[in-house]
Amino acid sequence: MLEPSLDLYGATFDKVDVVLSDLLVKSHARYALIVDRTGFVLMHQRAVWAPKPPSLDSLATLIASNYSANAAIAKLFGEDGFRETVQQGTDVGTYLEELGDKALLVTVFDASAPLGKVKLFTKKAVEQIRFLLEGVDEPRPTFEPDQAWSDDTGALLDGLFTERTHP
Amino acid sequence: MSTINFSAREINFKIVYYGPGLSGKTTNLKQIYDHVPGESKGEMVSLQTEDERTLFFDFLPLDLGKVNGFKTRFHLYTVPGQVFYNSSRRLILRGVDGVVFVADSAPNRLRANAESLRNLRENLEEYNLRLGEVPYVLQVNKRDLPDAVPMEMIRQVLDPSGKVGAFEAVAAEFKGVVEPLKAVSKLVLEKLAQKT
Ligand SMILES: Nc1nc2c(ncn2[C@@H]2O[C@H](COP(=O)(O)OP(=O)(O)O)[C@@H](O)[C@H]2O)c(=O)[nH]1
Ligand SMILES: [Mg+2]
């Protein structure tokens, strides 16, 4: 089945995008990302002043696997999960909140953003996004992966290595 | 589980390379990374110990290009093969769409292959998945070893029914690396197409 991890499309997507931009302005964080728990980026925002982020695919995968490792640690002690996931380095830190049971909201901040603000506005953003997702009334777009799609994608797969193996 | 991102117009799949420790899973990903042209791949991430053993996973994102306006992306993962890293292996199987089982042809690893396959079945059960339902192929690696166990014997142990696609490989020399990746990916695509 081909389903989205979250119903982020159309007007909801635009509204969530505003929530993320707002979060960055109010907390003075660098980036805000929504990733699903299998490690795919769902959407992201970057503050206008922030330096170019590292590979978002790498970031999302590490965030999702770090989250699941932490959840497994919590479980070892009979906890449902850890309430707060903050990582702080000398210059950069990350703060994570769960977004339902399929996704995570992560804020990446530096020394210019007070942790208290980051936490506060990330928590608020999560509430707003949850509210928006609950209120989705647009019909979900559809995509039918039929045989022709499978064949065409398979052909792309066949071409994946060609450039280098036959220079 | 394959997912679609309507706003980014992406269809996403997760393929996991599974198998006993040192069978060549990481080597597969490195070789794929080395042989896929730049625009079709992302950075490779490896979480490993100082002696280059996989501690948590290796990760490589591939981008196939667009069909019908949607980009198809495959995320490839390896698991740590050593027995004691089972909780990491289980975590990596979350959301898996297809599995390449990398078996080792060394005679003294025959039992490790079988145990790893059993472990795969058990861990899939945690996600209510059965190996028969998950697209799955077998790569029999290290065929260059002078004392490599005959294919027939390995198949008898790992796939007595003979139904699973099996590929001989020397992953370290990029032989038999592309075929199992393509085969499992096509099974994943076919499975999705048949459901609709
Ligand atoms: N002889 C031989 N060695 C291989 C082959 N593929 C990988 N190796 C070696 O096997 C060892 C373990 O490989 P690695 O990919 O780290 O195994 P992993 O534990 O499954 O990730 C390394 O020393 C590789 O160089 C192969 O096809 N033939
Ligand atoms: Mg490895």
Side-chain angles (χ1 to χ4, degrees), chain A residues 1-10 12-14 16-17 36-44 54-62 64-66 68-69 71-73 75-76 102 140-165, chain B residues 1-12 14 32 34-45 47 56-57 59-70 72-75 77 87-88 90-92 94-96 174 177-178 181-182 185-186 188-196:
Chain A
M1 241 182 322
L2 211 43
E3 288 185 356
S5 309
L6 289 183
D7 284 309
L8 290 169
Y9 40 75
T12 313
F13 178 88
D14 295 337
V16 172
D17 206 38
D36 74 16
R37 293 200 186 174
T38 44
F40 289 99
V41 183
L42 300 183
M43 59 189 290
H44 60 95
S55 156
L56 293 182
D57 285 330
S58 304
L59 187 59
T61 290
L62 290 168
S65 37
N66 188 37
S68 56
I73 293 169
K75 218 169 143 193
L76 290 179
K102 284 192 181 159
R140 183 183 277 180
T142 51
F143 184 90
E144 298 297 330
D146 56 11
Q147 192 58 46
W149 168 84
S150 170
D151 293 344
D152 289 351
T153 309
L156 290 180
L157 196 63
D158 288 331
L160 186 63
F161 291 90
T162 45
E163 253 186 53
R164 291 232 183 138
T165 44
Chain B
M1 196 191 67
S2 48
T3 55
I4 186 160
N5 184 332
F6 286 107
S7 49
R9 302 186 76 76
E10 287 173 357
I11 297 170
N12 296 313
K14 178 170 180 178
I32 294 167
D34 286 346
H35 290 86
V36 168
E39 71 277 8
S40 305
K41 69 186 172 195
E43 284 175 11
M44 182 164 165
V45 174
L47 299 184
F56 198 172
F57 59 80
F59 165 72
L60 174 63
L62 296 178
D63 183 341
L64 261 51
K66 278 185 191 169
V67 173
N68 299 350
F70 279 78
T72 300
R73 292 162 43 94
F74 281 88
H75 277 188
Y77 285 83
S87 42
S88 304
R90 199 180 300 142
L91 294 178
I92 289 152
R94 172 188 293 276
V96 66
F174 192 54
V177 169
V178 174
L181 172 64
K182 282 187 182 171
S185 305
K186 287 187 179 177
V188 170
L189 297 173
E190 287 291 319
K191 187 180 170 195
L192 197 58
Q194 276 161 18
K195 274 190 183 165
T196 47

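Letters go in sequence order (proteins before strands), and every chain restarts at 1.
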If I measure from the heavy atoms of chain B, does A:T12 come under 4.5 Å with its side chain, its backbone, both, or neither?
neither
Using heavy-atom distances under 4.5 Å, tell me whether A:D7 contacts chain B through its side chain, its backbone, both, or neither.
neither
Apply side-chain contact (heavy atoms from CB on, under 4.5 Å) to the pair A:W149 and B:I11, showing each step before the final yes or no.
CA-CA 12 Å; A:W149 168 84; B:I11 297 170; 4.0 Å; yes
Which heavy atom of [X] sits nearest to which heavy atom of [Y], and what is that distance?
X	Y	value
B:K182	A:L157	CE-O, 3.5 Å
A:L160	B:D63	CD1-O, 4.3 Å
A:L42	B:S7	O-OG, 4.4 Å
A:Q147	B:A193	N-CB, 4.1 Å
A:T153	B:T72	CG2-OG1, 3.5 Å
B:K14	A:T38	NZ-O, 4.4 Å

Could you pull out all residues at least two apart from B:Y77 that satisfy ring-ring contact (aromatic ring centres under 6.0 Å, His included)?
B:F57, B:F59
Taking the basic N atoms (NZ, or NE/NH1/NH2) and the acidic carboxylate oxygens, is any pair closer than 4.0 Å for B:K41 and A:D57?
no
Going through the checks in order, is the side-chain contact (heavy atoms from CB on, under 4.5 Å) test met by A:D151 and B:E190?
CA-CA 8 Å; A:D151 293 344; B:E190 287 291 319; 4.2 Å; yes
Worked check of side-chain contact (heavy atoms from CB on, under 4.5 Å) between B:F70 and A:L2:
CA-CA 12 Å; B:F70 279 78; A:L2 211 43; over 6 Å; no
side-chain contact (heavy atoms from CB on, under 4.5 Å), that's the test. Do A:F13 and B:F6 meet it? Break it down for me.
CA-CA 10 Å; A:F13 178 88; B:F6 286 107; over 6 Å; no
